[in-house]
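Here is the structure we will look at, set down as structure tokens.
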Number of protein chains: 2
Amino acid sequence: MRTRDEHKASVIREKAISMIVNEGFDGMSMQKLAKSAGVSPATLYIYYRNREDMLEQLYEFVQTAFANAALKEFDPTMNFEKGLWVQWKNRMRFIEECPHYFRFFEQFRNSPQINRSSIGMVAFKDNMHQFVSNAVKRGEIRKVEPEIFWSLAYGSFYSLLKFHLQQRTMMNPDFKVTDAKMKQLLNMVVKSLKP
Amino acid sequence: MRTRDEHKASVIREKAISMIVNEGFDGMSMQKLAKSAGVSPATLYIYYRNREDMLEQLYEFVQTAFANAALKEFDPTMNFEKGLWVQWKNRMRFIEECPHYFRFFEQFRNSPQINRSSIGMVAFKDNMHQFVSNAVKRGEIRKVEPEIFWSLAYGSFYSLLKFHLQQRTMMNPDFKVTDAKMKQLLNMVVKSLKP
DNA sequence: AATATAAATGAATGTTCGTTCACTTTTGAG
DNA sequence: CTCAAAAGTGAACGAACATTCATTTATATT
């Protein structure tokens with residue numbers, strides 16, 4: 001029997017993501033996608049059950065890629081400041097390298113599409129839970145409710161990420177959030193979480 | 001001559017927003033909208049030049065409503081902690097009362113549609129600039145770059161807002177972010193900004 | 001009451017949508 | 001080399017799409 005062309009699969013995936021990032025969910029149609037990927041519309045239905053299944057799989061793919069990137073060289077036993085820095089750096093590098101993935105991710109997360117998709121991330125959340133409770137035990141940060149912690153440690157950082165991306169696409173293509181600026185924010189976040 | 005039915009106009013607006021919030025941009029079609037608002041498709045083109053113009057006007061409407069709500073009883077000469085609290089409280093109340101507006105706002109902001117729309121908010125930004133520089137002058141907070149300030153003072157709060165909304169729609173319809181929780185976050189943000 | 005004018009309409013336009021199907025091509029396993 | 005089976009196709013389906021237009025309806029002004 002014939003084997004699936006993995007190169008073709010990734011071309012379809014990338015074209016779909018670009019199309020959604022540039023034209024929105026309503027701008028990505030199966031026929032346009034087929035044309036832009038250089039395949040027959042019917043071929044798309046070999047890779048995906050239907051349009052909705054395709055969107056779900058794309059999200060799952062990007063989410064996994066992002067989570068894996070974020071946890072590179074991360075270890076939940078690291079001290080708090082170091083561990084958060086590693087993750088932030090990883091995330092920033094990821095959107096530096098794949099801005100369209102990040103935009104797709106954000107677009108999807110804020111759309112009703114997200115309600116029709118299952119959300120994984122279990123392993124990731126386990127990892128983070130350990131990381132935080134270790135830091136609390138060691139007295140590096142004080143114990144706060146999860147939503148407060150996430151808002152400070154990730155909400156503020158994501159805000160900086162988005163500012164980064166917006167600057168880069170809207171006005172200043174060379175714009176870059178420097179390590180110094182990230183460190184400054186990190187210090188302030190750590191200060192706010194001090195026991 | 002005949003006068004425009006303002007009630008009809010608002011029905012159309014609300015139905016359009018609900019439809020987008022529940023089914024996404026690709027789920028809102030002019031014909032479905034007309035049917036759900038109880039008007040002819042052609043009527044929509046009296047109120048809006050075309051679909052894109054409609055989306056832009058909806059966004060402008062919601063953005064203005066949100067900004068006005070946020071600034072109620074706010075004054076840029078307030079001390080920092082008080083001023084930030086007033087705004088946060090206002091914003092939280094707004095999404096309590098109009099969660100669909102907030103969801104529409106977020107969905108729009110994260111979509112490519114935003115690039116085709118003009119972004120106003122000039123008066124608002126002026127107001128905020130004064131507020132922050134007053135607080136710095138008075139020594140209530142230290143001077144930091146704008147993106148750092150926004151990330152901390154708004155990024156973290158928005159994160160809490162979104163958590164709020166997500167909880168409420170996904171699992172626990174009675175979920176409410178209490179004043180105590182907001183105050184806790186506020187204190188931590190203020191602490192991080194202390195000179 | 002008459003009239004001018006904008007609001008409002010329903011049916012129709014041509015286009016594009018997601019998806020299917022009968023068919024051809026390719027290729028790994030025997 | 002053979003051939004079963006999956007990959008891949010192009011044309012076609014009805015449905016839904018955004019938008020238009022010739023009319024009808026309502027009303028503020030006179």
Side-chain angles (χ1 to χ4, degrees), chain A residues 1-61 104 107-108 111-113 115-117, chain B residues 1-61 104 107-108 111-113 115-117:
Chain A
M1 63 170 182
R2 197 169 165 184
T3 50
R4 192 172 290 198
D5 181 344
E6 291 304 329
H7 170 69
K8 187 171 291 180
S10 80
V11 169
I12 291 172
R13 190 187 347 104
E14 295 305 312
K15 290 283 184 185
I17 291 175
S18 302
M19 218 169 226
I20 289 168
V21 163
N22 293 321
E23 305 173 49
F25 287 113
D26 47 340
M28 192 281 283
S29 80
M30 300 304 265
Q31 320 210 57
K32 271 168 64 184
L33 172 59
K35 182 163 284 184
S36 113
V39 301
S40 157
T43 304
L44 302 176
Y45 292 84
I46 295 170
Y47 293 87
Y48 305 102
R49 270 200 319 280
N50 51 41
R51 198 182 115 104
E52 186 163 323
D53 175 56
M54 182 176 141
L55 293 177
E56 268 179 45
Q57 287 198 43
L58 290 177
Y59 181 64
E60 171 116 1
F61 173 84
F104 174 81
Q107 197 172 326
F108 200 98
S111 82
Q113 198 61 245
N115 300 324
R116 291 192 280 274
S117 298
Chain B
M1 65 164 184
R2 197 170 168 183
T3 50
R4 191 172 291 198
D5 180 346
E6 290 306 329
H7 170 69
K8 187 172 290 179
S10 81
V11 169
I12 291 171
R13 193 194 335 110
E14 294 306 311
K15 291 282 184 186
I17 290 175
S18 302
M19 214 168 230
I20 289 167
V21 163
N22 293 320
E23 306 173 49
F25 287 113
D26 47 341
M28 192 282 283
S29 80
M30 301 304 265
Q31 323 210 59
K32 271 169 62 185
L33 172 59
K35 182 162 286 185
S36 111
V39 301
S40 158
T43 305
L44 302 176
Y45 291 86
I46 295 170
Y47 294 87
Y48 304 102
R49 271 200 321 277
N50 52 42
R51 196 183 117 103
E52 185 162 325
D53 175 55
M54 183 177 140
L55 292 176
E56 266 179 48
Q57 286 198 44
L58 290 177
Y59 181 65
E60 173 117 359
F61 173 84
F104 173 80
Q107 196 172 325
F108 200 98
S111 80
Q113 197 61 245
N115 299 325
R116 290 192 280 274
S117 299

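Each chain gets a letter, A, B and so on, in the order its sequence line appears, and its residues count up from 1.
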Side chains of residues 12-19 of chain A: which donor-acceptor partners sit under 3.5 Å, not counting sequence neighbours?
from: E14(A); atom 1: OE1; to: H100(A); atom 2: NE2; distance (Å): 3.4
from: E14(A); atom 1: OE2; to: Y101(A); atom 2: OH; distance (Å): 2.6
from: S18(A); atom 1: OG; to: E14(A); atom 2: O; distance (Å): 2.9

> Taking the six-membered ring for Trp, are Y59(B) and F104(B) parallel (under 30°), tilted (30 to 60°) or perpendicular (over 60°)?
Replying inline: tilted

> Hey, what do you get for OG1 (T43(A)) to CG (D5(A)), rounding to the nearest 0.5 Å?
Replying inline: 10.5 Å

> D5(A) has an atom CG; how far is it from atom P of dT27(C), in whole Å?
Replying inline: 9 Å

> Taking five pairs at each end, how big is the angle between the two axes of the helix from dA1(C)-dT30(D) to dG30(C)-dC1(D), to 10°?
Replying inline: 20°

>> Nearest 0.5 angstrom please: M54(B) CE to Q57(B) CD, how far?
In response: 9.5 Å

> When all nucleic acid strands are considered with a 4.0 Å heavy-atom cut-off, which category describes Y47(A): base, sugar-phosphate, or nothing?
Replying inline: sugar-phosphate

> Atom CZ of F25(A) and atom C1' of dG18(C): how far apart are they, to the nearest Å?
Replying inline: 17 Å

> Going 5' to 3' along nucleotides 9-16 of chain C, which nucleotides have protein heavy atoms under 4.0 Å from the base (write B), which only from the sugar-phosphate (write S), and which from neither (write -)?
Replying inline: BB------

> How close do P112(B) and G24(A) get, heavy atom to heavy atom, and via which atoms?
Replying inline: CG-N, 3.2 Å

>> Return whichever of T3(A) or E52(B) has its heavy-atom-nearest nucleotide of DNA chain D closer to the 5' end.
In response: T3(A)

>> Let's go through L58(A) and F108(A) carefully: what are the C-alpha distance in whole Å and the side-chain angles of both, what is the deciding distance for side-chain contact (heavy atoms from CB on, under 4.5 Å) to 0.1 Å, and is it a yes or a no?
In response: CA-CA 10 Å; L58(A) 290 177; F108(A) 200 98; over 6 Å; no

> To the nearest Å, how far apart are D26(A) CG and dG18(C) P?
Replying inline: 11 Å

> Whole Å only: how far is the CZ atom of R4(B) from the P atom of dT5(C)?
Replying inline: 18 Å

>> Heavy atoms only, 4.0 Å cut-off, all strands: where does M54(A) land among base, sugar-phosphate and nothing?
In response: nothing

>> Quick check on DNA chain D: between R49(B) and R2(B), whose nearest nucleotide comes earlier from the 5' end?
In response: R49(B)

> Would a 4.5 Å heavy-atom cut-off, applied to side chains only, mark E52(A) and Q113(A) as touching?
Replying inline: yes

> How far does OG of S40(A) sit from CD of Q31(A), to the nearest 0.5 angstrom?
Replying inline: 10.0 Å

> If every non-hydrogen atom of M28(A) is compared with every non-hydrogen atom of L33(A), which pair is closest and at what distance?
Replying inline: SD-CD2, 4.1 Å

> Looking at DNA chain C, which of residues 13-23 of chain A put a heavy atom within less than 4.0 Å of it?
Replying inline: none

>> Restricting to side-chain contact (heavy atoms from CB on, under 4.5 Å), what partner residues turn up for R4(B), sequence neighbours left out?
In response: E6(B), I46(B), Y47(B)

>> For N50(B) versus Y45(B), what's the shortest heavy-atom pair and its separation?
In response: CA-CE2, 3.8 Å

> First contact, last contact: which nucleotides of DNA chain D are these for chain B, 5' to 3', heavy-atom distance under 4.0 Å?
Replying inline: dC17(D) to dA28(D)

>> Checking the side chain of Q107(A) only, and the main-chain atoms of I20(A) only, is there a donor and an acceptor separated by less than 3.5 Å?
In response: yes

>> What is the distance, to the nearest angstrom, from the OH atom on Y45(A) to the C1' atom on dT19(C)?
In response: 5 Å

